[in-house]
**Student:** 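If you scroll down you'll find the structure; I have some questions about it.
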Protein chains: 2
Amino acid sequence: MIKVILIDDHPIVMEGLKNLLATREELTVAGCFSNGAAGLEAIQTLQPDVVLLDINLPDINGIDLCKQVRKNDKDVRIIALSVHNERPVIKNILNSGANGYVLKNSVGEEIIMAINSALKGDTYLCNAAREILSQIQEGELTDIPKITRREKEIMGLVSKGLTTAQIAEQLFISTHTVESHRKNLIEKFDVTTMTAVIKLATQYGLL
Amino acid sequence: MIKVILIDDHPIVMEGLKNLLATREELTVAGCFSNGAAGLEAIQTLQPDVVLLDINLPDINGIDLCKQVRKNDKDVRIIALSVHNERPVIKNILNSGANGYVLKNSVGEEIIMAINSALKGDTYLCNAAREILSQIQEGELTDIPKITRREKEIMGLVSKGLTTAQIAEQLFISTHTVESHRKNLIEKFDVTTMTAVIKLATQYGLL
DNA sequence: GGCGATATCCCTGAAATCAGCCATTTTTAA
DNA sequence: TTAAAAATGGCTGATTTCAGGGATATCGCC
């Protein structure tokens with residue numbers, strides 16, 4: 001019997017997943033959790049074989065959750081469920097310890113296949129995700145850049161329309177420092193304006 | 001017997017919804033559609049009493065779809081399902097002809113209640129949505145501003161990091177015209193920079 | 001056919017951003 | 001504990017955006 005736990009904050013989706021897994025005799029749902037904190041704890045206590053993890057949770061970012069899990073547990077198989085069809089997001093999640101990536105608009109069978117692949121030690125991608133990763137989009141990021149705490153803070157304030165001077169004042173730092181962060185962000189995202197940075201960060205769910 | 005049709009591009013969600021509605025004898029699912037075009041057609045041909053409509057569809061924007069439906073059909077009850085918890089988005093959908101708004105993280109019962117309310121002629125909001133609409137956030141938009149085609153185009157190019165001059169060149173118009181559009185956008189969104197415009201537009205799913 | 005919305009174009013000056021460099025201190029993690 | 005990463009601060013000059021005014025043309029819908 002393969003122990004699966006579900007982490008998703010949408011009751012309707014949870015219902016659909018439970019239904020789907022119920023069609024498979026070899027799978028048993030050991031627990032359902034609607035937020036990251038509860039899910040993280042459950043992974044440690046319940047020791048499931050597989051986790052179906054919604055990437056967009058209310059409390060914790062899915063990518064960070066994957067990393068958290070992987071710190072202690074190298075064995076549990078994580079299947080990421082997400083609506084994000086952007087390559088950098090997909091790659092980032094896979095690099096964070098997930099053993100599979102299934103877009104939410106996939107059919108149920110893809111989830112079953114992802115579970116089976118993961119248990120065999122393979123990484124499963126749903127058709128659409130595989131397609132996205134295969135096509136080389138020029139001028140697009142390969143990965144989500146690593147953003148520091150301060151940089152994220154700066155992004156947030158810039159996105160609200162604050163100027164460099166206003167941000168410096170609010171954070172009690174020099175305008176030069178703020179400019180330095182801006183420049184690093186522009187470089188990390190490989191664009192030429194902060195506007196483009198904010199667009200990508202918002203799209204990727206970093207803000 | 002109340003005829004319901006479902007429009008959602010996530011098979012798992014569809015499954016959960018079907019399950020939910022099956023628990024109610026007075027409700028019958030007359031059809032399931034995974035995109036806006038098919039759904040729109042079905043509303044005209046099947047003449048359902050209620051439509052459960054996912055706002056984020058691959059082909060058509062949910063708001064536009066509501067408006068489309070309302071052009072011909074004043075009677076059908078539309079329950080909008082969405083992950084958007086931003087007030088302007090919620091208000092906009094309600095103003096576009098929806099008879100109810102249920103966030104995707106709501107429990108199933110809220111959908112049932114939404115259907116019942118809508119059939120009685122009331123507009124139902126899930127608890128979370130009601131909460132969001134009630135709290136007056138200062139400095140936040142009340143509604144999503146009306147954006148013209150050209151303005152949307154400008155937003156797209158600005159968000160990619162193009163300068164006014166580059167945009168003007170690409171669209172074969174004067175830089176003055178581009179600046180004019182920028183200014184109008186900044187005013188419409190009630191902010192001071194295009195960066196803030198792009199943040200909101202991305203967040204609201206306008207790009 | 002006409003009205004309203006949309007798109008177009010123009011000017012000036014102040015303010016802000018970006019590109020190009022660099023250097024030091026403080027955290028954080030191995 | 002020590003090396004790497006992050007945060008801090010600095011300068012100059014060119015480029016770009018923003019705020020404040022306008023005006024005219026064109027498109028779509030009733």
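Nothing here was measured: the structure is a model prediction, and the numbers come from that model.
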**Student:** Given dA5(D), is OP1 or OP2 found less than 4.0 Å from the side-chain N or O atoms of Thr148(A)?
**Tutor:** no
**Student:** In this structure, how many angstroms lie between the P atom of dT27(C) and the CD atom of Glu151(A), rounded?
**Tutor:** 17 Å
**Student:** Can you confirm whether Asn61(A) is buried at CG, in the sense that more than 12 heavy atoms of other residues, nucleotides or ligands lie under 6.0 Å from that atom?
**Tutor:** yes
**Student:** Starting at CG of Asn184(B) and ending at P of dG21(D), how long is that distance when rounded to a whole Å?
**Tutor:** 14 Å
**Student:** Could you say whether Thr164(B) or Arg149(B) is positioned toward the 5' end of DNA chain D, judged by the nucleotide with the nearest heavy atom to each?
**Tutor:** Thr164(B)
**Student:** Figure out the CG/C1' separation between Leu162(A) and dA15(C), and round it to whole Å.
**Tutor:** 15 Å
**Student:** What is the distance, to the nearest angstrom, from the CD atom on Glu169(B) to the C1' atom on dC9(C)?
**Tutor:** 18 Å
**Student:** Output the single nucleotide from dC9(C), dA19(D), dC18(C) whose closest atom is nearest the side chain of Thr192(B).
**Tutor:** dA19(D)
**Student:** Going by heavy atoms in the side chains, are Cys32(A) and Ile5(A) under 4.5 Å from each other?
**Tutor:** no
**Student:** Just wondering, are more than 12 heavy atoms of other shown residues or ligands nearer than 6.0 Å to CG in Asn56(A)?
**Tutor:** yes
**Student:** What is the distance, rounded to the nearest whole Å, between atom CZ of Arg182(A) and atom C1' of dA6(D)?
**Tutor:** 19 Å
**Student:** Would you say the side-chain atoms of Arg77(B) pair up with the backbone N or O of Asn99(B), donor to acceptor, closer than 3.5 Å?
**Tutor:** no
**Student:** Nearest to the side chain of Ile173(A), which nucleotide is it out of dT8(C), dG9(D), dT17(C)?
**Tutor:** dG9(D)
**Student:** When you check the gap from the basic side-chain N to the acidic O, do Asp54(B) and Lys104(B) get nearer than 4.0 Å?
**Tutor:** yes
**Student:** Just checking Ser174(A): base, sugar-phosphate only, or nothing, at a heavy-atom cut-off of under 4.0 Å?
**Tutor:** sugar-phosphate
**Student:** Roughly, in whole Å, what's the span from NZ in Lys183(A) to P in dG9(D)?
**Tutor:** 14 Å
**Student:** For Ser180(B) and dT8(C), is the shortest distance between a side-chain N/O and OP1 or OP2 below 4.0 Å?
**Tutor:** no
**Student:** With respect to the side chain of Ile186(B), which nucleotide from dT8(C), dA7(D), dA19(D) is positioned closest?
**Tutor:** dA19(D)
**Student:** Round to a whole Å and report the spacing from CD of Glu179(B) to C1' of dA14(C).
**Tutor:** 13 Å
**Student:** I need the CE-C1' distance between Met194(A) and dT15(D), as an integer number of Å.
**Tutor:** 18 Å
**Student:** For dT8(D), take OP1 and OP2 only and decide whether either is under 4.0 Å from a side-chain N or O of His176(A).
**Tutor:** no
